[in-house]
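What you see is a predicted model, and the numbers here were worked out from it, not measured in a lab.
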Amino acid sequence: MSAQLHADKLAALDHEPLDWRFKGIPATWWGQTAAQVSSSRPAFFDDGPSGPSGPVCVLRESALVHNLTTMANWCTDRGVELAPHGKTHMAPQLLARQFGAGACAVTAATISQVRVFRAFGARDVVLANEVVDLAGLAWLAAELDADPDFHAVCWVDSPAGVELMTAGLAGARRRLDVCVEVGMAGGRTGCRTDAEIDAVARAVAASPRLRLVGVAGYEASTGQDVSPDAVDGVRAYLRDMRAATVRLAHLFEADTVIVTAGGSTYPDAVADELAGGWPAGMSVRTILRSGCYLTHDNGLYARTSPLELRPALQVWAQVASRPEPGLALVTMGRRDVSFDAGLPVPLSLPGSSVVRLNDQHAFVELGDEDQAPVGAWLPFGISHPCTTFDKWQLIPVLDDEDRVISLVRTFF
């Protein structure tokens, strides 16, 4: 089934008036709609009163197009499907573009995230967690019962979880599809042993409210190390997922079994180990859940992704002070840009580096040849898109001439 969002609800975002709630945007845009702004294709970095009030986050259209096409072609070539993780951007407008490029579903981490995407019409959702709150289970059951075209699958990794979910779904007309989650030693959630995997699968098979449809995992749960030894460990874990899938074949209730893994660091390993080569008569969908591929970055994923992607997400800020030789203070801080997986990267100052962030300032050590006068606008690449997106409610999308062609809303 095609996974599409409601066009009218997406269009409504373009017709909401802009105002002071959206940091960074020019005050001259207030009172206009996103559609009115983008139709005029304004030059974004205007030096006068029509320009932004920094800092400001922007997306690069040409990089988005490149990444969407590259990932779609790669998935087709490798025989995997893609359910991109919506937590990265929480932007229905961007999700619509991912669906348009062939995504089969959206992945979410929480019930709250599922609610956002359901509000815009998402019909196919992968909830990459075990749902343990009764309110969340009740809402999910109501959604499934109300809409026969809504399909959701989530994880389970303990008999206790099976028992709780079964109780929470009492009275539901439709059963909830679940995958047994296989964990990594020292990693995050998921069963750690074959005996635990099998016990959970048997508990699901015995539940009147759950339906066992596959096996799930997350191969980057211990980090994004791409050294040979670390990659060997990832591949061994993925082979354990494959073995569990074959071993549990007699318990699955779906005609086509789901096997799903994947972040944005090891998609090649996932495809190598989980796509194809299944026993005769066993129909398997291998679903990748990468989210950060869409915008890529200049840090973590620039170092670790095996795909030829382009960074699309930038934060721009101005030099506010030059208090010491070789030091620039820039109007961008922890409220504006990710720092959990590396500090921002100055894109126009090749010899410089960000060495520290305060809430609203970045400390930039300047290279000998780099110029950063007070008032200058500077672009910064980011490391880890997920924790930059969540700091911005409205993000302009720019063409290669820095003209605004659309505005993207986020819902965190």
Side-chain angles (χ1 to χ4, degrees), residues 74-85 104-105 107 126-130 153-158 162 177-205 210-290 304 306-307:
W74 186 90
C75 288
T76 298
D77 291 345
R78 300 303 299 271
V80 300
E81 297 179 62
L82 177 64
H85 213 316
C104 67
T107 297
V126 176
L127 178 49
N129 259 318
E130 183 172 84
V153 58
C154 68
W155 300 174
V156 65
D157 73 352
S158 68
V162 172
D177 288 351
V178 297
C179 290
V180 174
E181 184 182 5
V182 176
M184 295 182 82
R188 202 167 60 187
T189 54
C191 303
R192 296 300 201 258
T193 68
D194 289 351
E196 291 173 345
I197 294 168
D198 296 355
V200 171
R202 288 193 299 270
V204 172
L210 303 178
R211 193 172 79 113
L212 186 63
V213 299
V215 170
Y218 178 49
E219 75 287 350
S221 65
T222 60
Q224 279 109 350
D225 185 351
V226 292
S227 67
D229 285 348
V231 173
D232 286 345
V234 165
R235 289 181 177 275
Y237 163 72
L238 294 168
R239 289 193 291 272
D240 288 342
M241 285 185 60
R242 173 182 280 269
T245 305
V246 173
R247 192 172 65 250
L248 300 176
H250 65 290
L251 293 175
F252 295 126
E253 295 191 62
D255 292 335
T256 299
V257 176
I258 292 172
V259 177
T260 174
S264 298
T265 294
Y266 308 107
D268 51 345
V270 172
D272 288 346
E273 302 296 341
L274 298 180
W278 296 96
M282 191 172 187
S283 176
V284 175
R285 296 174 65 192
T286 304
I287 300 177
L288 193 68
R289 305 191 308 274
S290 306
T304 64
L307 279 67

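Ion pairing between a basic and an acidic side chain is recognised when a charged N comes within 4.0 Å of a carboxylate O; R211 and E253 show no such pairing.
Two residues are said to be in side-chain contact when any heavy atoms from C-beta on lie closer than 4.5 Å; L248 and V215 meet this criterion. Residues F252 and V204 are not in side-chain contact: their nearest non-hydrogen atoms beyond the backbone lie 4.5 Å or more apart. Residues V200 and D157 fail the side-chain proximity criterion, which asks for heavy atoms closer than 4.5 Å. Proximity of W278 to V259: side-chain heavy atoms (C-beta onward) are separated by under 4.5 Å at one or more points.
Closest of all the heavy-atom pairs between A201 and L212 is CB-CD2, 4.0 Å. Nearest heavy-atom pair, E219 versus A261, reported as atom, atom and distance to 0.1 Å: OE1-CB, 3.6 Å. Counting all heavy atoms, side chain and backbone alike, R289 lies closest to A128 at NE-CB, 4.1 Å. The two residues A249 and M282 have their closest heavy-atom pair at CB-CE, 4.0 Å. Residues A275 and V80 approach most closely at CB-CG1, 3.8 Å, considering heavy atoms. Shown here for C104 and R285, the closest heavy-atom pair between the two residues is SG-NH2, 3.8 Å.
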* To do: Just do the side chain to side chain contact (heavy atoms under 4.5 Å, CB included) check on S283 and D255 with the steps written out, would you?
  => CA-CA 7 Å; S283 176; D255 292 335; over 6 Å; no
- Message: side chain to side chain contact (heavy atoms under 4.5 Å, CB included), that's the test. Do Y266 and D272 meet it? Break it down for me.
- Response: CA-CA 10 Å; Y266 308 107; D272 288 346; over 6 Å; no
Query raised in the report: Would V178 and C154 satisfy side chain to side chain contact (heavy atoms under 4.5 Å, CB included), going step by step from the backbone distance to the final call?
Result: CA-CA 5 Å; V178 297; C154 68; 3.9 Å; yes
Next item on the list: Go through L288 and W74 one step at a time and tell me if the side chain to side chain contact (heavy atoms under 4.5 Å, CB included) criterion holds.
Entry: CA-CA 11 Å; L288 193 68; W74 186 90; 3.9 Å; yes
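Interatomic distance, T286 OG1 to M241 CE, rounded to the nearest 0.5 Å: 9.0 Å. Taking CZ of R247 as the reference point, atom CD1 of I197 lies at 5.5 Å (rounded to 0.5 Å). Atom-to-atom distance recorded for T245:OG1 and I258:CD1 is 11.0 Å, nearest 0.5 angstrom. Atom OG1 of residue T76 and atom CG of residue L82 lie 10.0 Å apart, to the nearest 0.5 angstrom. Between atom CZ of residue R78 and atom CG of residue L274 there is a gap of 11.0 Å, rounded to the nearest 0.5 Å. A distance of 8.0 Å separates SG of C75 from CG of L307, quoted to the nearest 0.5 Å.
A donor-acceptor pair is defined here as one N or O able to donate and one able to accept, closer than 3.5 Å; no such pair exists between the side chain of T260 and the backbone of A216. Side chain of R192 to backbone of M184: a donor-acceptor contact under 3.5 angstrom is found. Formation of a donor-acceptor pair under 3.5 Å by the R235 side chain with backbone atoms of E273 is not found in this model. The main-chain N or O of G263 is found under 3.5 Å from a side-chain atom of S290 such that the two form a donor-acceptor pair. Within the 3.5 Å criterion, the main-chain N or O of I287 finds no donor-acceptor partner in the side chain of E81. Here the side chain of Y218 pairs no donor or acceptor atom with the backbone of T189 at under 3.5 angstrom.
Side-chain contact of D229 with S227: a donor-acceptor pair under 3.5 Å is absent, judged by distance alone. Checked by atom type, the side-chain pair T304/Q224 shows no donor-acceptor distance below 3.5 Å.
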